[in-house]
Visitor: 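One structure, as structure tokens, below. Some questions next.
None of these values were measured; they are calculated from a predicted model. Residue numbering restarts at 1 for every chain, and letters A, B, ... go by the order of the sequence lines.
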Protein chains: 2
Amino acid sequence: MEANTKTKKELIKDNAADLFRKKGFNATSMQDIADAVGMKAASLYNHIASKQEILEELLLRIANGFTEGLKEIENSSLAPQEKLEALVALHVNLTFHFSDSIALNTGEWIHLEEPALSKYSKQRNQYEKSFKKILENCKTEGIIEKNINTDIALYSILSSLHWLYSWHNKNKKISKIELEYQLKKVLLKGLIK
Amino acid sequence: MEANTKTKKELIKDNAADLFRKKGFNATSMQDIADAVGMKAASLYNHIASKQEILEELLLRIANGFTEGLKEIENSSLAPQEKLEALVALHVNLTFHFSDSIALNTGEWIHLEEPALSKYSKQRNQYEKSFKKILENCKTEGIIEKNINTDIALYSILSSLHWLYSWHNKNKKISKIELEYQLKKVLLKGLIK
DNA sequence: GTCTATAGGCTGATAGAC
DNA sequence: GTCTATCAGCCTATAGAC
């Protein structure tokens with residue numbers, strides 16, 4: 001599928017994602033989106049139902065990406081440590097794949113309204129819970145030290161992975177393979193010898 | 001200084017910080033802040049000049065906290081690795097000290113207007129630059145492996161430290177000492193044996 | 001499917017009585 | 001220093017001509 005085969009709705013969502021990321025959801029007006037796409041604000045409503053709808057579709061698409069990726073990893077016969085590495089790879093892949101809209105996953109999701117907010121939060125909580133379980137399996141197997149707090153490890157890793165998009169944007173020079181290699185090292189094996 | 005000796009301006013800023021964190025700067029109205037403080041929206045302007053001013057004062061106070069803390073560490077005679085540990089401690093301390101307003105440091109700073117935005121960004125960039133320098137010194141001394149990308153290590157650590165506030169809020173059970181111990185372990189020494 | 005025109009509501013901020 | 005009243009502007013979204 002090439003760029004010019006995109007539906008106008010997809011084009012609107014792409015531009016909106018970019019603006020939401022740069023200015024925030026509330027500070028982005030339909031006027032801003034219309035200007036970016038190249039039409040009048042009123043015309044947007046021939047393709048989308050509301051500003052909310054744009055945010056919902058962008059975020060639920062990403063949430064589904066994570067949910068599906070996680071399911072594959074959970075159902076695999078990888079060892080706990082390999083599952084951890086696969087999760088890092090999943091984040092890197094989704095960051096490259098959804099490059100613009102993935103930034104919304106960090107903060108802008110709070111502007112979702114019900115029932116989308118509940119649906120999104122549910123998926124996100126489920127994801128974190130499963131991630132934590134894998135960390136705990138690593139602990140049981142003695143791969144991770146017993147006195148490491150699983151919650152701290154979890155949120156520490158997730159924070160780094162959530163912010164991936166920001167240097168994907170700043171520093172395009174880093175390839176996917178290199179990014180994956182570095183993150184596995186820094187996040188899992190540690191910095192100091 | 002006790003809670004009830006706070007000026008009304010400080011009370012307004014405290015409540016605003018809490019709302020900005022929960023709802024975002026743009027989604028928080030002066031009405032919301034007035035309701036939280038217990039006065040009419042118009043009365044707020046007897047204590048503050050504008051909504052912008054609140055955001056600026058909250059963020060510049062934090063930025064100064066980081067700048068000053070960093071200066072102390074830089075001017076100390078600690079070894080590179082100890083400086084790294086001191087930086088982790090600095091983030092933990094400021095997270096506990098500014099518990100509500102520190103959250104704004106993660107995303108809401110984009111709503112600063114000039115010239116405050118430039119001032120803030122300058123301090124932030126300077127902070128990251130100095131942090132990076134300390135990492136590079138660790139590399140020179142052979143404490144950190146040569147093939148680790150300093151930028152990735154830097155942003156990975158900073159991301160985790162920026163998100164500290166979120167589980168400080170969720171999980172008050174973790175003490176400052178324990179948090180500091182765990183983070184030094186997870187961020188610096190690594191997860192996997 | 002695009003446009004112009006506009007509704008209806010909320011926003012940050014000000015004026016002026018008390 | 002607090003209030004009521006109010007302004008001027010911007011916001012999302014709709015109606016209806018073309």
Visitor: Out of dT14(C), dT12(D), dA5(C), which has the shortest distance to the side chain of Ala42(A)?
Guide: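 Nearest to the side-chain atoms of Ala42(A), counting from C-beta on, is dA5(C).
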
Visitor: Under a 3.5 Å threshold, yes or no: a donor from one side chain and an acceptor from the other, between Ser29(B) and Asp32(B)?
Guide: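 Distance-only check passes for Ser29(B) and Asp32(B).
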
Visitor: Under the side chain to side chain contact (heavy atoms under 4.5 Å, CB included) rule, collect the residues that match up with Leu60(A), sequence neighbours excluded.
Guide: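 By the side chain to side chain contact (heavy atoms under 4.5 Å, CB included) rule, Leu60(A) matches Lys119(A), Tyr120(A), Gln123(A).
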
Visitor: Heavy-atom distance under 4.5 Å between the side chains of Ile62(B) and Leu94(B), does that happen here?
Guide: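 In short, these two side chains do not touch, never coming nearer than 4.5 Å.
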
Visitor: How long is the line joining CD1 of Ile54(A) and C1' of dT12(D), in whole Å?
Guide: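 Result: 11 Å.
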
Visitor: Report yes if at least one side-chain N or O of Ser43(B) is closer than 4.0 Å to OP1 or OP2 of dC3(D); otherwise report no.
Guide: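 For Ser43(B), the contact criterion (side-chain N or O under 4.0 Å from OP1 or OP2 of dC3(D)) is met.
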
Visitor: Quick check on contacts: within residues 19-37 of chain A, what sits under 4.0 Å from DNA chain C by heavy-atom distance?
Guide: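 None - not one residue of the stretch has a heavy atom sitting under 4.0 Å from the strand.
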
Visitor: In whole angstrom, give the distance that lies between atom NZ of Lys40(B) and atom C1' of dA13(C).
Guide: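 The answer, rounded to whole Å, is 17 Å.
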
Visitor: Please report, rounded to the nearest Å, how far the C1' atom of dG12(C) is from the CD atom of Glu113(B).
Guide: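 From Glu113(B) CD to dG12(C) C1': 11 Å.
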
Visitor: Rounded to whole Å, how long is the line connecting atom CG of Leu44(B) with atom P of dG1(D)?
Guide: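 Going from CG in Leu44(B) over to P in dG1(D) covers 13 Å.
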
Visitor: Would Ser76(B) and Lys83(B) count as having a side-chain donor-acceptor pair, cut-off 3.5 Å?
Guide: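 On atom types as modelled, these side chains do not qualify, holding no pair under 3.5 Å.
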
Visitor: By side chain to side chain contact (heavy atoms under 4.5 Å, CB included), which residues pair with Lys122(B), not counting sequence neighbours?
Guide: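 In terms of side chain to side chain contact (heavy atoms under 4.5 Å, CB included), with neighbours along the sequence ignored, Lys122(B) is linked to no residue.
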
Visitor: Between dC10(D) atom C1' and Lys51(A) atom NZ, what is the distance in whole Å?
Guide: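 In whole Å, dC10(D) C1' lies 12 Å from Lys51(A) NZ.
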
Visitor: Between atom CG in Leu55(B) and atom P in dG12(C), what is the gap in whole Å?
Guide: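 Atom CG in Leu55(B) sits about 13 Å away from atom P in dG12(C).
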
Visitor: Going by distance alone, is a donor N or O of one side chain under 3.5 Å from an acceptor N or O of the other, for Ser175(B) and Glu178(B)?
Guide: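 There is no such pair (donor and acceptor under 3.5 Å, judged by atom type) between the side chains of Ser175(B) and Glu178(B).
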
Visitor: Expressed as a whole number of angstroms, how long is the span from Ile12(A):CD1 to dG1(C):P?
Guide: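 It is 10 Å, rounded to the nearest whole Å.
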
Visitor: Rounded to whole angstroms, how far apart are NE2 on His47(A) and C1' on dC3(C)?
Guide: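 Going from His47(A) (NE2) to dC3(C) (C1'), I get 12 Å.
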
